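What you see below is based on every heavy atom in this structure, not just the backbone, and it leaves out hydrogens, waters and symmetry mates. Quick caveat, the model's predicted, so the values are computed rather than measured.
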Amino acid sequence: MLNIVVYEKTLKRKGRKLLEAVKSRLNEEGVEYQIHLLLEAGTAREKTLQLTAAGERKIVAFGGDGTVNEVLNGISDPAVCELGLIPAGTGNDFAGAAGIPKGIAALGLILKREARPTDYIQFDDGRRSLNIAGMGIDVDILLRCARKKGGANNKAKYFMSLLSSLMHYRPIELDVSADGGETVHYKSLIACVCNGFQFGGGIPICPDAVIDDGKLELLVADCPPRYKIPAALIKLMRGKLLTLPIAHKVSCSSARIAFSEGNALAQYDGEIKECESLSAHIVSGKLRMFRG
């Protein structure tokens with residue numbers, strides 16, 4: 001049976017029409033399914049844990065990156081589940097990395113294709129991420145996005161929030177290491193671990209990241225002088241950040257990004273949480289996902 005996890009807020013505008021189309025297609029195909037409609041934010045993880053702990057194996061996240069992140073974190077054992085995604089959020093960044101089309105076509109992958117091995121990022125504190133987790137100016141931008149009308153973080157809102165961040169951002173001091181190697185201290189503009197290649201509604205921060213290559217991409221960008229930050233961020237928006245000398249990237253199996261002093265905020269697939277560090281490793285091929 002397909003268990004479709006969806007937030008009520010996702011059904012505004014085009015979301016409700018898409019869900020009705022999904023239900024119609026499933027009825028036509030004679031597929032057994034259940035819609036789990038959630039009213040309170042942050043409850044998708046708990047619902048998914050209940051479902052998978054009870055033996056349900058096919059879970060479909062209907063929404064954006066935040067919803068699929070919650071669903072992934074709620075799966076009791078990713079190695080025995082199959083995860084589907086029907087993109088219905090604003091940014092849908094992981095869908096882009098996974099080759100999942102928008103609209104009803106996404107359901108076709110779930111109904112007609114076998115689930116494929118897919119990597120995810122596991123953190124030492126128990127959290128998981130499918131796409132990108134990081135610290136720095138991206139967190140400041142996301143906080144500003146959330147305060148804008150509608151709360152969505154699409155590319156336009158992301159860019160406007162980015163401009164606001166330029167007026168106030170200060171470098172974040174981080175200690176970074178890969179595969180247990182030497183720790184390097186950075187005064188950073190942004191630091192992240194990537195499984196997918198884009199964030200912020202389609203910004204390709206790490207274009208060569210691949211979601212099934214068994215590798216974690218660790219990316220750190222030094223914070224340039226304030227007058228050079230706009231040019232650096234334009235490069236980021238165009239997927240050219242890695243062409244700058246301030247950018248450092250390494251492919252690895254594990255990485256640690258730690259705040260030099262105390263706790264601060266990090267984003268996990270766009271979901272902001274407080275943490276002391278991002279200590280992560282790639283889990284290769286254990287999760288099976290319906291994707292391109």
Side-chain angles (χ1 to χ4, degrees), residues 1-118 120 126-131 151-152 211 268-271 283 286-292:
M1 180 170 71
L2 291 183
N3 289 274
I4 301 174
V5 178
V6 56
Y7 279 110
E8 192 276 336
K9 65 180 181 180
T10 305
L11 302 184
K12 296 177 181 179
R13 300 177 182 175
K14 297 181 180 180
R16 189 172 303 278
K17 183 178 180 179
L18 176 57
L19 183 60
E20 290 303 316
V22 166
K23 291 163 63 177
S24 178
R25 173 76 180 276
L26 292 173
N27 290 333
E28 290 174 3
E29 298 277 350
V31 176
E32 186 179 5
Y33 69 93
Q34 185 170 356
I35 305 293
H36 302 275
L37 184 62
L38 307 178
L39 302 180
E40 295 183 20
T43 55
R45 180 184 182 277
E46 180 182 357
K47 172 55 67 174
T48 303
L49 181 59
Q50 291 174 353
L51 291 169
T52 55
E56 296 295 336
R57 294 294 176 259
K58 289 188 176 183
I59 310 296
V60 177
F62 185 104
D65 293 314
T67 300
V68 74
N69 178 271
E70 286 188 52
V71 167
L72 173 68
N73 278 278
I75 294 175
S76 56
D77 183 358
V80 300
C81 289
E82 295 179 334
L83 176 61
L85 171 61
I86 298 176
T90 306
N92 302 310
D93 286 303
F94 185 74
I100 299 173
K102 295 180 181 179
I104 194 67
L107 182 60
L109 292 181
I110 297 169
L111 297 179
K112 303 301 182 182
R113 294 194 183 182
E114 295 292 325
R116 299 174 58 191
T118 304
Y120 65 88
R127 293 189 177 104
R128 302 169 184 147
S129 173
L130 268 175
N131 194 43
I211 63 172
Y268 302 77
D269 298 344
E271 300 297 296
V283 179
K286 295 294 186 181
L287 176 69
R288 290 177 297 160
M289 188 167 189
F290 298 100
R291 58 182 178 86

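- A 4.5 Å side-chain heavy-atom check between Thr52 and Asp77 finds every atom pair outside the cut-off.
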Problem set entry | Derivation and outcome, salt bridge (Lys or Arg N to Asp or Glu O under 4.0 Å), residues Lys17 and Glu20 | CA-CA 5 Å; Lys17 183 178 180 179; Glu20 290 303 316; over 6 Å; no

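- Here the shortest heavy-atom pairing between Asp269 and Asn131 reads OD1-N, 3.0 Å.
- The residues Lys112 and Glu29 are annotated as salt-bridged, a charged nitrogen and a carboxylate oxygen being separated by less than 4.0 angstrom.
- At least one side-chain heavy atom of Leu107 sits less than 4.5 Å from a side-chain heavy atom of Leu26.
- Note: Lys23 NZ to Leu18 CG = 12.0 Å, rounded to the nearest 0.5 Å.
- When each of Leu85, Ile4, Leu72, Leu51 is paired with Ile59, the side-chain contact (heavy atoms from CB on, under 4.5 Å) condition holds for Leu51 and for no other.
- The nearest pair of heavy atoms linking Tyr268 to Arg127 is OH-NH1, 3.3 Å.
- A donor-acceptor pair is defined here as one N or O able to donate and one able to accept, closer than 3.5 Å; no such pair exists between the side chain of Tyr33 and the backbone of Asn27.
- Applying the 6.0 Å contact sphere to CZ of Arg57 captures more than 12 heavy atoms from other residues, nucleotides or ligands.
- Under the 3.5 Å distance criterion, the side-chain polar atoms of Tyr7 are left unmatched by any main-chain donor or acceptor of Phe62.
- Nearest approach of Asp65 to Asp93, heavy atoms of both residues: OD2-N, 2.8 Å.
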For this session: Could you check Glu32 against Lys58 for salt bridge (Lys or Arg N to Asp or Glu O under 4.0 Å), going step by step and ending with a plain yes or no?
Result: CA-CA 11 Å; Glu32 186 179 5; Lys58 289 188 176 183; over 6 Å; no

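- A donor and an acceptor atom, one from each side chain of Glu271 and Asn69, are nowhere located under 3.5 Å apart.
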For this session: Evaluate the criterion side-chain contact (heavy atoms from CB on, under 4.5 Å) for residue pair Met289 and Ile211; output intermediate values, then yes/no.
Result: CA-CA 11 Å; Met289 188 167 189; Ile211 63 172; over 6 Å; no

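- Between Gly64 and Asn92, the closest heavy-atom pair is CA-OD1, 3.6 Å.
- Side chain of Arg128 to backbone of Ile75: a donor-acceptor contact under 3.5 angstrom is found.
- Looking only at side-chain heavy atoms (C-beta outward), Leu83 and Thr118 stay at 4.5 Å or farther from each other.
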Exercise. Given the rule in the side-chain contact (heavy atoms from CB on, under 4.5 Å) test, do Leu130 and Leu287 qualify, once you have shown the distances and angles that lead to the verdict?
Worked result: CA-CA 10 Å; Leu130 268 175; Leu287 176 69; 3.9 Å; yes

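- A donor-acceptor pair under 3.5 Å is absent between the side-chain atoms of Thr10 and the main chain of Gly15, judged by distance alone.
- Judged purely by atom type and a 3.5 angstrom limit, Glu82 has no side-chain atom pairing as donor or acceptor with the backbone of Ala115.
- Within the model, atoms CZ of Phe290 and CD of Glu114 stand 7.5 Å from one another, a figure rounded to the nearest 0.5 Å.
- With hydrogens and angles disregarded, no donor-acceptor distance shorter than 3.5 Å links the side chain of Arg291 to the backbone of Ala95.
- Considering only heavy atoms from C-beta on, Asn3 comes within 4.5 Å of His36 through its side chain.
- A 4.5 Å side-chain heavy-atom check between Arg16 and Glu8 finds at least one atom pair inside the cut-off.
- Closest approach of Gly103 to Ile86, counting heavy atoms only: O-CG2, 4.4 Å.
- Between the side chain of Asn73 and the backbone N or O of Arg45 there is no donor-acceptor pair closer than 3.5 Å.
- The shortest non-hydrogen separation linking Val5 to Thr67 is O-CG2, 4.2 Å.
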